[in-house]
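Notes to accompany the following structure.
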Amino acid sequence: MRYSKLFIPTLREAPADAEAISHKLLVRAGFVRQLASGLYIYLPTGWRVLNRINRIMKEEMDAIGAQELSMPVLHPAEIWQETGRWSVIGDEMFRLKDRGGRDMCLGMTHEEIMTWLAAREIRSYRDLPQVWYQMQTKLRDEARPKSGILRTREFIMKDSYSFDRDEEGLDINYRSHSEAYHRIFARCGLKFHEVESDSGMMGGAVSHEFMAPSAAGEDTIAICACGYQSNVECAASTPKPAPVAAWEKEEIHTPNRRTVQEVSNFLKADASSFMKSIMVMATSPENSPVLAVVRGDQTLHEKKLAKIIGQFRAATKDEIRETLGVEAGFIGPMGHSVRIIADPCLKDGMFISGANKADYHMRGVQAGVDFTPEWADIHEAKPGDACSKCGAPLAFENVIEIGNIFKLGTKYSAALNAAYLDEQGNSHPIIMGSYGIGPARIMAAAVEQGSDKNGIVWPEAIAPFDVEIVPLNVGNPEAVEVADAVCAALEKAGLEVLIDDRDERPGVKLKDADLIGIPWIVVVGDKTLKDGMIEFKSRKTGEVAKLPVEGAGEAIAERMGKNV
RNA sequence: CGGGGCGUAGCGCAGUUUGGUAGCGCAUCUGCUUUGGGAGCAGAGGGUCGGAGGUUCGAAUCCUCUCGCCCCGACCA
C-alpha cells in the first residue's frame, strides 16, 4: 500500500481535550477522529487494526466451535419487557418509536435476542449444546463517555452465548471460552489478568473479567503471588491487625469531632482503633434501616453490602436521628434494634465507636459483648491488606476491562421460555452463558501498553501493517527502485507493507513512521545505498540491522518469520 | 445527574480583567533553494470569535439564556 494513496492525517500536536495516552496517540497518528462525545470514526489505519483484532477473535471463536451469525441492532420492546430489563435499565438504553408508535430500542447487548432465537428453534436435548456469536455494533447512552475509544456510546463487541442442557455443559463452554480468550489476548500482544468479578445482584452466578493493566483503566484489581486475582469490587482481603487495646469501657467527651479522622486526631489513636457505623436504608422492604459497621481505616464497600441487603441508599440525617436517637457522627453499634452487618475484622479486640450521644465517643466497645451483628466482608480491599488465601500482601493495579465471561444460568431462558425436552420428554430451561470482548478496548489497551515518546509501538499481530518501507529521498531513482523491489518481495512473502512514497523530507517521514508505530521499518537512504545497504529497524527497540540491497526483501521476510 | 474547566483559522494557543472591529506558532497554497529525524527565504489564502438575545455610538471582551466538549465523582443492568 502506498502512503500517498492512504488517508493518514497525522497531527504534530495532540488535541487539547485528550487525556489518556491511547486517546492522544490514536488521534495524532491518524487512526481515529471524534464525531461527538463517545462517537468515533475509525480512519483507514484504525479500521485495519480493528479488523486484525476481529480476525483473531473470529479464528479463536471458530476454533472452539462457536458459530458466527448476525443480529438486528433495532429491537422491539416486548422482548426486553419480558425479561424485565426494559424497565430495569433506564437511561442507558437508547429508545425510540417506529412509525406505528411501537416502542423499540437499540441493542446494548444481545441476551434477549439470542435467547428469543433459542426459544424458537431449540426443542430437544439433541439440539444442544450451541454456541453462537456475533461481532457487531452495540449502543449505550453512557452517562459519561471517556478516554477516547475506551468508553464510547457506540462500539463493536464480540459477544457469544452458549446454550447447554446442564451445568456440566456450561462448565465446558465457560472453560473453553476462558481458554480462547487467553489465546486471543495473548495473540493481540497484551499483558492481561483473568480475575474474579462481581456477578451483580443475581446471586450465585460465576463470572470472570479479563483485565489489561493500564494507568487509563477504570477498574482496579487486587492480585497476589499465590494466584488470587480479583476485581476490587469483590476482592476478599485481610486487613492488617488493629492495635491491641485493653480499655476499661468509658465515655469520652469529643465535642464536635464526628469523622474518624477528627476523633482519631483528637484522641491520638490510629484510625484502625475505631468502629465506623454507617446507616443505610434498604429499599426492600421499603426503607428498612441497616447499620453497616467497618473499621475506622476502612471504606464500606457498597456492592458487597448490596449483595447482602439488596439495593440501598444513604440514610438522611433525620432518619438517623429518628431511628437511632443520635446524630450522625456519634453513632455506635450498641443498643439498637436495627439489623447490623459488621466486617469480620471487628470480631476480636476493643474499639472506639460513637457513644450514641452527641459529642461523646465510647472506648472499649467489643463485638459479641456490646452488640451482636451479622458478620460479612463489607470492606473495600486496599493496599496494605493481605491476601485472604495465603496471607501475602496484595498488590493493586489499574486495569482496562477487555473481556468478560459470565455464567447466566436460566435467567434469560426462563423469562423467555427457552427450554428443551430431555430423553424422558421432560422440559427444562436451557442453561446459558455469555461472553464478551471489546475490540476497541484491545486496541486502546495495546496503545496504552505500547508507546514511547515518539508514538505508538504496535504489537505485531494487530499493527495496521507488518512493515513500513521508507525511501528517504524519492528524488533518487535508485532509492525508489530498491524500495519498490523490497516491497514486492515482502508482499510476495505474504506481508502487508506500507511504503512511504511521499515527496517529503526524511525527518517528516521518519517521525510519521515512529508515530504510526508499525513494528518494523525499512529505511532506504542515499547514505547506506552508496555502500549497497539498506536498514531494517525495530520500532520497539530501535535496533538497526544493515542488509545488502541484493536479496534484502527475502532476508527481511525471513527475519520476520516468513518462509520465502 | 452533582462538581470543575474549556469553546477564537485544520491543530496548539494569545487577546476577554480595563469594550474601539482579531493575532501568533504549526499546517495549507505558489515560487526558489534544501534533502538521514517534523527545512530556509519570499509571497498568498483561510476566522459570522460555539449559538441566540440584550446593553452600547461600538461587543471576542459586559449581561441573560442556550448548545457542545473535556476532567473528577455518581452510574455502568
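In what follows, chains carry the letters A, B, and so on, assigned in the order in which the sequence lines appear, proteins first and then strands, with residues in each chain numbered from 1.
Within 4.0 Å (heavy atoms only), A:Lys509 reaches no atom of the nucleic acid at all. A:Lys537 comes within 4.0 angstrom of a nucleotide base, judged by non-hydrogen atoms across all strands. Looking at heavy-atom distances under 4.0 Å, A:Ala143 makes contact with a base. If you check every strand for non-hydrogen atoms under 4.0 Å, A:Pro9 touches nothing. At a threshold of 4.0 angstrom between heavy atoms, the contacts of A:Glu112 with the nucleic acid are absent. Contact annotation for A:Ala14: backbone-only contact, meaning every heavy-atom pair under 4.0 Å involves sugar-phosphate atoms and none involves a base. Across all strands, A:Ser147 comes closer than 4.0 Å only to sugar-phosphate atoms, never to a base (heavy-atom distances). As judged by a 4.0 angstrom heavy-atom cut-off over every strand, A:Met93 is placed among residues making no nucleic acid contact.
One can place CZ of A:Arg144 at 12 Å from C1' of B:rC69, the figure rounded to the nearest angstrom. We find that NZ of A:Lys511 is positioned 15 Å from P of B:rG36, with the value rounded to whole Å. One interatomic measurement links the two molecules: CZ of A:Arg502 to P of B:rU35, which rounds to 19 Å at whole-angstrom precision. We find that CG of A:Asp512 is positioned 15 Å from C1' of B:rA39, with the value rounded to whole Å. To the nearest angstrom, P of B:rG36 lies 10 Å from CG of A:Leu510. Rounded to an integer number of Å, the gap from CG of A:Asp503 to P of B:rU33 is 14 Å. The interatomic distance linking A:Glu218 (CD) with B:rC72 (C1') rounds to 13 Å, in whole Å. Between the CD atom of A:Glu111 and the P atom of B:rA77 there is a distance of 11 Å, rounded to whole Å.
For A:Glu13 and B:rG10, a side-chain-to-base donor-acceptor distance below 3.5 Å is absent, hydrogens and geometry of angles not being considered. The base of B:rG36 has none of its N or O atoms less than 3.5 Å from a complementary donor or acceptor on the side chain of A:Asp526. In this model, no side-chain donor or acceptor of A:Lys530 finds a partner on the base of B:rG36 within 3.5 Å. Below the 3.5 angstrom threshold, one finds a donor paired with an acceptor across the side chain of A:Thr528 and the base of B:rG36. No hydrogens or angles were tested; on distance alone, nothing pairs the side chain of A:Arg12 with the base of B:rA27 as donor and acceptor under 3.5 Å.
Between A:Ala16 and A:Asn473, the residue anchored closer to the 5' end of RNA chain B is A:Ala16, taking for each the nucleotide with the nearest heavy atom. Between A:Glu233 and A:Leu515, it is A:Leu515 whose nearest contact on RNA chain B lies nearer the 5' terminus.
Residue A:Lys146 has its side chain nearest to B:rC71 when only B:rG36, B:rU34, B:rC71 are considered. The side chain of A:Pro15 has B:rC11 as its nearest neighbour among B:rA77, B:rG36, B:rC11. The listed nucleotides are B:rG73, B:rG38, B:rA77; the one nearest the side chain of A:Arg28 is B:rG38. Nearest nucleotide to the A:Gln34 side chain, out of B:rG38, B:rC70, B:rG36: B:rC70. Distance from the side chain of A:Asp514 is smallest to B:rG37 among B:rG37, B:rG38, B:rC71. Picking from B:rG38, B:rA77, B:rG36 the nucleotide with the shortest atom distance to the side chain of A:Leu472 gives B:rG36. Taking every side-chain heavy atom of A:Ala36 into account, B:rC69 is the closest of B:rA77, B:rU35, B:rC69.
Base pairing annotation: B:rA39 forms a Watson-Crick or G-U wobble pair with B:rU33, both donor-acceptor distances under 3.5 Å. Under the Watson-Crick or G-U wobble criterion, with both distances below 3.5 Å, B:rU17 has no partner in any strand shown. Of the nucleotides present, B:rG5 is the one that pairs with B:rC69 by Watson-Crick or G-U wobble criteria, both distances under 3.5 Å. Nucleotide B:rA74 has no partner under the Watson-Crick or G-U criteria, as no pair reaches both atom distances under 3.5 Å. Summarising the base pairing, B:rA44 is matched to B:rU28 through a Watson-Crick or G-U wobble pair whose two defining distances lie under 3.5 Å.
Of the C1' atoms belonging to B:rU61 and B:rG50, the separation is 16 Å, rounded to the nearest Å. When the P atom is compared between B:rG73 and B:rU28, the two are found 39 Å apart, to the nearest whole Å. The same atom, P, is picked in B:rC70 and in B:rC26; the two are 29 Å apart, to the nearest Å. Nucleotides B:rG2 and B:rG38 have their P atoms positioned 49 Å apart, rounded to a whole Å. Taking the P atom of each, B:rA42 and B:rG47 are spaced 25 Å apart, rounded to whole Å. Taking atom C1' on both nucleotides, B:rU33 is separated from B:rG15 by 36 Å, rounded to a whole Å. Rounded to whole Å, the P atom of B:rG36 lies 22 Å from the corresponding atom of B:rC29. When the P atom is used for both B:rU55 and B:rA60, the distance is 16 Å, rounded to whole Å.
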| request: Just do the side-chain hydrogen bond (donor to acceptor under 3.5 Å, both in side chains) check on A:Lys304 and A:His379 with the steps written out, would you? | output: CA-CA 8 Å; A:Lys304 286 183 177 176; A:His379 70 270; 4.9 Å; no
| message | Go through it in stages, so that I can follow the logic: the residues are A:His110 and A:Gln134, the test is side-chain hydrogen bond (donor to acceptor under 3.5 Å, both in side chains), and I'd like the CA-CA distance, side-chain angles, deciding distance and then a yes or no. | response | CA-CA 9 Å; A:His110 280 74; A:Gln134 50 158 192; 3.1 Å; yes
| field | From CA spacing to verdict: side-chain hydrogen bond (donor to acceptor under 3.5 Å, both in side chains), A:Glu111, A:Thr83 | value | CA-CA 10 Å; A:Glu111 280 84 6; A:Thr83 61; over 6 Å; no
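Between the NE2 atom of A:His193 and the CE atom of A:Met211 there is a distance of 10.0 Å, given to the nearest 0.5 Å. Taking CG of A:Asp159 as the start and NZ of A:Lys138 as the end, the distance is 3.5 Å to the nearest 0.5 Å. Within the model, atoms CH2 of A:Trp132 and CD1 of A:Ile113 stand 12.5 Å from one another, a figure rounded to the nearest 0.5 Å. Distance check, rounded to the nearest 0.5 Å: CZ of A:Phe31 to CD1 of A:Ile8 gives 7.5 Å.
Between the A:Lys407 side chain and the A:Tyr174 main chain, no donor and acceptor come within less than 3.5 Å of each other.
Contact between the side-chain N/O atoms of A:Ser37 and the OP1/OP2 oxygens of B:rC70 is found at a separation under 4.0 Å.
Here the shortest heavy-atom pairing between A:Ser197 and A:Cys234 reads C-SG, 3.5 Å.
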